[in-house]
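A quick note: this is a predicted structure, and the numbers were derived from the prediction, not measured. Nothing fancy with the numbering, it's 1 onward along the sequence.
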Amino acid sequence: MKCVIGGAHVRVFGRALHAIARISDEFWIDPKENGLFLKTVNSSRSAYACVFFSSTFFQNYSYGNERSLNGDTVQLACKLIIKAILPLFRCLHTLERNVEKCNIYTDVNDCHVVFKLFCKHGVVKTHSLAFQECEPLQALFAKHLCTNVLKVHSRHLSDMLIHFPTYQEEITLGVTPMKVCFKTYAEDETEFAKATHTEIHLSPAEFEYFQVGVDSEVTFCLKELRGLLVFAEALSTPVSIHFDVSGKPLAFSIEDTAIEALFVLATLSDPESCTTASKPTCLEQSQNRGPAARGRRNQHIASCRRNASTAPSEVSSTGEEPTPGLNYDKFHSFFFGAVSPNEQSHGHLLHNLATVSDAEEDGAHGQLSPTF
């Protein structure tokens with residue numbers, strides 16, 4: 001894989017790295033014919049991110065991380081430690097002023113990704129980072145099946161989140177056909193009584209797009225959203241929000257001319273919403289969209305319960321630890337299907353939302369496609 005990023009785009013690429021660093025200590029560089037993917041997932045499999053850079057984003061782009069395994073040619077991704085690459089893009093404003101272009105290429109024989117920064121006055125900085133070859137990471141999530149869809153400009157969403165303190169770990173989003181509400185989440189009444197409670201109400205007219213098929217409230221971690229918003233503001237693009245009821249995944253996405261991003265977060269589960277989710281909704285209208293979609297419909301693939309155990313130990317393939325300060329224990333793994341004792345007793349299994357792909361293209365078998 002070889003690509004050249006022009007000086008004006010180096011800052012945008014750096015912001016993408018900072019955004020996914022909010023989720024995990026590791027990430028995947030996954031080159032495809034139509035562009036480059038940056039992907040990551042946290043150790044509890046409760047947060048997943050994918051940023052896609054079209055080939056038109058680069059001055060020059062070519063891919064080719066191919067290896068022969070058991071007689072078959074497969075496309076391999078490069079897994080790197082995020083802390084090894086962030087120092088290269090630490091001061092984004094300085095990079096924008098001083099870097100004329102950035103070359104990125106892989107040496108599959110030496111298992112290194114090389115970042116070469118061509119700066120003003122003929123200065124060239126070369127950084128060679130070791131990577132681990134692995135099969136690409138995929139997300140089994142179809143956002144087009146979500147009942148509720150909101151679209152708002154990233155600046156408006158950022159201005160709204162300013163009212164929530166930086167130490168706020170989780171936030172609740174509630175919707176009805178008449179309004180949208182963002183409010184502070186507290187796990188128990190004692191904590192709620194001591195904390196400052198913030199609640200912001202918005203009318204449908206304040207959104208660029210507003211579709212509510214079912215009244216719902218979903219609670220999710222705020223840290224990952226803040227990272228996405230910083231990235232979205234650099235592009236000056238709207239943010240789309242796709243979700244259903246509590247316990248199912250919540251997706252934030254942005255689309256630009258040459259860049260697309262998808263952040264999928266687990267949500268806390270509410271026993272009442274579980275009953276609601278089992279009833280027919282407008283999701284039933286999507287029953288003819290394919291067997292993969294039908295198999296996932298009405299499944300609690302992002303089940304998150306306050307007293308739930310963490311995902312099984314064998315899913316910690318990334319080798320990372322949960323981010324300090326955030327209690328991911330109450331979020332079930334929607335990537336590897338951790339289930340509660342009640343679900344186990346009824347024989348209900350949860351679908352994996354992220355897995356290692358055995359297909360060459362991201363769009364295969366209903367998995368994440370470049371167009372999200």
Side-chain angles (χ1 to χ4, degrees), residues 46-48 139-152 156-157 160 170-185 199-222 224-225 238-253 262-306 308 330-332 334 337 339-340 342-343 346 348 350-351 353 366 372:
S46 61
Y48 167 88
L140 301 178
F141 177 75
K143 69 176 185 180
H144 65 277
L145 295 180
C146 291
T147 308
N148 302 326
V149 182
L150 307 175
K151 189 175 184 179
V152 61
H156 296 160
L157 192 55
M160 184 272 301
E170 291 137 359
I171 190 174
T172 297
L173 166 63
V175 294
T176 70
M178 302 301 297
K179 68 177 182 179
V180 175
C181 175
F182 290 88
K183 60 184 179 181
T184 304
Y185 171 78
E199 191 165 323
I200 300 174
H201 294 263
L202 305 173
S203 68
E206 298 182 65
F207 293 85
E208 296 184 15
Y209 183 81
F210 184 89
Q211 172 189 309
V212 174
V214 58
D215 295 1
S216 64
E217 285 192 349
V218 292
T219 300
F220 56 94
C221 289
L222 192 55
E224 292 84 356
L225 175 57
V239 176
S240 297
I241 311 172
H242 294 74
F243 61 102
D244 287 308
V245 295
S246 61
K248 289 191 175 183
L250 170 78
F252 294 91
S253 62
L262 175 69
F263 281 52
V264 185
L265 310 179
T267 63
L268 290 176
S269 181
D270 180 13
E272 293 183 2
S273 69
C274 293
T275 303
T276 303
S278 64
K279 297 179 181 179
T281 65
C282 61
L283 284 178
E284 296 294 335
Q285 299 173 2
S286 305
Q287 59 184 351
N288 295 323
R289 297 193 182 185
R294 290 198 298 271
R296 292 192 299 273
R297 192 179 65 247
N298 293 332
Q299 295 289 334
H300 295 275
I301 51 180
S303 184
C304 323
R305 311 187 189 282
R306 298 178 184 176
K330 56 191 172 185
F331 288 91
H332 265 186
F334 59 64
V339 294
S340 69
N342 291 335
E343 288 168 329
H346 288 84
H348 295 165
L350 304 182
H351 284 252
L353 187 59
F372 305 126

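Residue Glu217 is tested with Val245, Leu173, Thr172 for a side-chain contact (heavy atoms from CB on, under 4.5 Å); the sole match is Thr172. Checked options Cys181, Pro204, Ser216; the residue passing with Val175 is Ser216 (criterion: side-chain contact (heavy atoms from CB on, under 4.5 Å)).
Of all heavy-atom pairs spanning Val212 and Pro177, the tightest one is CG1-N, 4.0 Å. The heavy-atom pair separating Leu268 from Ser246 by the smallest distance is O-CB, 3.2 Å.
Side-chain contact check for Asp215 and Thr176: no donor-acceptor pair (N or O, by modelled atom type) lies under 3.5 Å.
When side chains are defined from C-beta on, Ile171 does not count as touching Tyr185, because their heavy atoms never get closer than 4.5 Å.
Separating the CD1 atom in Ile200 from the NZ atom in Lys179 is a distance of 13.0 Å, to the nearest 0.5 Å. Tyr209 OH to Ile241 CD1: the interatomic distance, rounded to the nearest 0.5 Å, is 13.5 Å. Between the CG atom of Leu150 and the CD atom of Glu208 there is a distance of 11.5 Å, given to the nearest 0.5 Å. A distance of 9.0 Å separates NE2 of His242 from NZ of Lys151, quoted to the nearest 0.5 Å. Once rounded to the nearest 0.5 Å, the distance linking CG of Asn148 with CG of Leu250 reads 10.0 Å. Here the CG-OG1 distance, from Asp244 to Thr147, works out to 4.0 Å after rounding to the nearest 0.5 Å.
Listed by chain and residue number, Leu202, Ser203 satisfy the side-chain contact (heavy atoms from CB on, under 4.5 Å) test with Glu206 (two or more places apart in sequence, or in another chain). Residues meeting the ring pair (Phe, Tyr, Trp, His ring centres under 6.0 Å) test with Phe263, sequence neighbours left out: none.
No donor-acceptor pair under 3.5 Å is formed between the side chain of Thr267 and the backbone N or O of Phe220. Side chain of Glu199 to backbone of Thr184: no donor-acceptor contact under 3.5 angstrom is found.
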- Show your working on side-chain contact (heavy atoms from CB on, under 4.5 Å) between Leu157 and Phe182 and close with a plain yes or no. CA-CA 10 Å; Leu157 192 55; Phe182 290 88; 4.1 Å; yes
